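Presented below is the structure to which this report refers.
In this text, all values refer to a predicted model and were calculated from it rather than measured experimentally. Residues take their numbers from the sequence shown, with the count starting at 1. Both counts, for ligands and for their atoms, begin at 1 and track the order of listing. Below, each value reflects all heavy atoms present in this structure, side chains not excepted, and no hydrogens, waters or symmetry copies.
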Amino acid sequence: MVVTRFAPSPTGFLHVGGARTALFNWLLARHWDGKFLLRIEDTDRERSTPEAVEAIFSGLKWLGIDWDDEPLFQFSRMNRHVELAEKLVKEGKAYYCFCSPEELESMREEAKARGLPPKYNGMWRERDPKEAPDGIKPVIRLKIPREGETILQDLVQGTVAVANSQLDDMILVRSDGTPTFMLSVVVDDHDMGITHVIRGDDHLTNTFRHIQIHNALGWDIPQYGHIPLIHGADGAKLSKRHGALGIDAYRDQGYLPEAVCNCLLRLGWSHGDDEIISREQAIEWFDVDHLGKSASRLDFAKLLNLNGHYMREADNQRLFGDLLSMIGSVAEEKKERLLRGINGLKQRSKTMLELRDMAAIYLEEFAPAEIDAEGANIAKMAVSYMESEGNWDEKNLESRLRDITAKENIPFGKIASTLRNVLTGRKITPSIFDMLVAFGKDESLRRVKSVLL
Ligand code: GLU
């Protein structure tokens, strides 16, 4: 069974990069009817906060990314991680290192002087711990093979290899007895039965170390896929200016979760030239073969277009519910008006914020508009037609108005702009038929008649 995971560190908000990683792992699991697990990597006690954990939960929920089983908190598994490191020491695959900070510093200086990257020199690799100096708490280091290379068969990057001589004997357990990120990730991935890991390519170099730990523990290695990081529309590294924001900021700017997911999906994965891909299709089509190797760009113009599409497609009741939660309490009669008007509003709104702004048409107090003599004539004529109209639906109203236009020889645009002005006092509105239906016959007549007084 395919088992994937999302393993965020709760040190800040859930940002777009993290959300995309979560989405890809979720889609892979759902595609194969597998499991998608959530692991909170909260071992950095200083920087991990409950608010960040909450932001991860709520961000994922909002995006519709649900996880199986209870989330696992990495810190709670510290003892297990340390026990395994000690087991490796017993087996001769890891060792205690008693270097003092000064010794480590001089190692670094020496490497620097020789033009080499700073690297631990293996000082305690073969030494007997009985020789340990007093007062130094040891770290546990992994014995990385000195020969050969570590090879990663990456689902995205292909075969990538590094000479083992490049990897130093990494620390598994710090001198304060806490396990390192390297060790914890490997043990948890194993214990959770993770089969596939899709993550950002900023983790690629760590992966060689992860592989070495898996090997030392005698465990199978999950399949890794390292996806390129997201860039801004101008190709530069993603910054706040580009939308490197928390997922909640996207919600606050009026984007729908399905549009955000669709946009994230296209950042590094493709299905032919398809741009609009529903959640159901994504689950059906998602695979690791079409993960891209080149950096992807977050394009807000595209996101806005996608959002407009999903706004038009969205269920009216759902948008109505979302809208009410944005605007708070509304009188019952206005609620009904809003519900009748929502279909027209969504056609012309690219975001929930635009929808909310336009919805004010149905909520604000009515003030009779100023009109000229020509406008008054049109209003008068409209009243006589409206009063005798029994069938107050959009289609019928539209065909009636077109008849009137022909019969009275007044351009349709003229009637429409007069009615728009008279009904709302605004120039940009949903279609007049949408509005006539939303206001209802009585209110529409009251408004048109009010300019004739
Ligand atoms: N906790 C790591 C991060 O937030 C992810 C580790 C992983 O995916 O293996 O970057």
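- Ligand 1 has no nitrogen or oxygen under 3.5 angstrom from a nitrogen or oxygen of R39.
- Contact detail for I213 and M170: the closest heavy-atom pair is CD1-SD, 3.8 Å.
- Remark: aromatic rings of F6 and W26 are distant, center separation not under 6.0 Å.
- Ligand 1 has an N or O atom lying under 3.5 Å from an N or O atom of A7, backbone or side chain.
- The atoms of ligand 1 that sit less than 4.0 Å from any heavy atom of R5 are 7 (C), 8 (O), 9 (O).
- Taking each heavy atom of A111 and K119 in turn, the nearest pair found is CB-N, 4.4 Å.
- If you number the atoms of ligand 1 from 1 as listed, the ones under 4.0 Å from a heavy atom of R199 come out as 7 (C), 8 (O), 9 (O).
- The residue H226 has no part lying near ligand 1, judged by heavy-atom distances below 4.0 Å.
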CA sep, side-chain torsions, deciding dist, call: R426, E364, salt bridge (Lys or Arg N to Asp or Glu O under 4.0 Å): CA-CA 12 Å; R426 292 186 185 226; E364 62 203 4; 3.2 Å; yes

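- Atoms of ligand 1 lying under 4.0 Å from at least one heavy atom of E41, given by number and element, are 1 (N), 2 (C), 5 (C), 6 (C).
- Heavy atoms of H210 come nearer than 4.0 angstrom to ligand 1 in no pair at all.
- In summary, the aromatic rings of W67 and F57 are positioned with their centroids under 6.0 Å apart.
- The closest protein non-hydrogen atom to atom 10 (O) of ligand 1 is H203 NE2, 3.0 Å.
- Side-chain contact annotation: N305 with K350, donor-acceptor N/O pair under 3.5 Å present.
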